[in-house]
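Keep in mind it's a predicted model, so treat the numbers as computed, not measured.
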Amino acid sequence: MGVESIGAKMPHLLHAPYSVAMIVAALNFVLIFTVAALAFRMLRERNLRTNG
């Protein structure tokens with residue numbers, strides 16, 4: 001998420017084409033989704049173990 005804010009405020013700092021910035025943004029979204037799914041899965045397994 002930091003790359004998008006830097007790119008929006010000061011695009012000359014990235015020194016990268018727009019397509020590279022979009023790929024980074026997509027990979028960042030995939031990372032956030034993966035971490036959220038893993039955390040949800042861990043919490044669900046933990047809840048199932050404590051409740052029975």
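Side-chain heavy-atom separations under 4.5 angstrom define the hydrophobic clusters, and Phe29 shares its cluster with no other residue.
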All N/O donor-acceptor pairs, side-chain side in residues 34-41, below 3.5 Å, sequence neighbours left out:
residue : atom : partner : partner atom : Å
Thr34   : OG1  : Val30   : O            : 2.8
Arg41   : NE   : Glu45   : OE2          : 3.4

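Within the structure, no pair that satisfies the salt bridge (Lys or Arg N to Asp or Glu O under 4.0 Å) test touches residues 26-40, not counting sequence neighbours.
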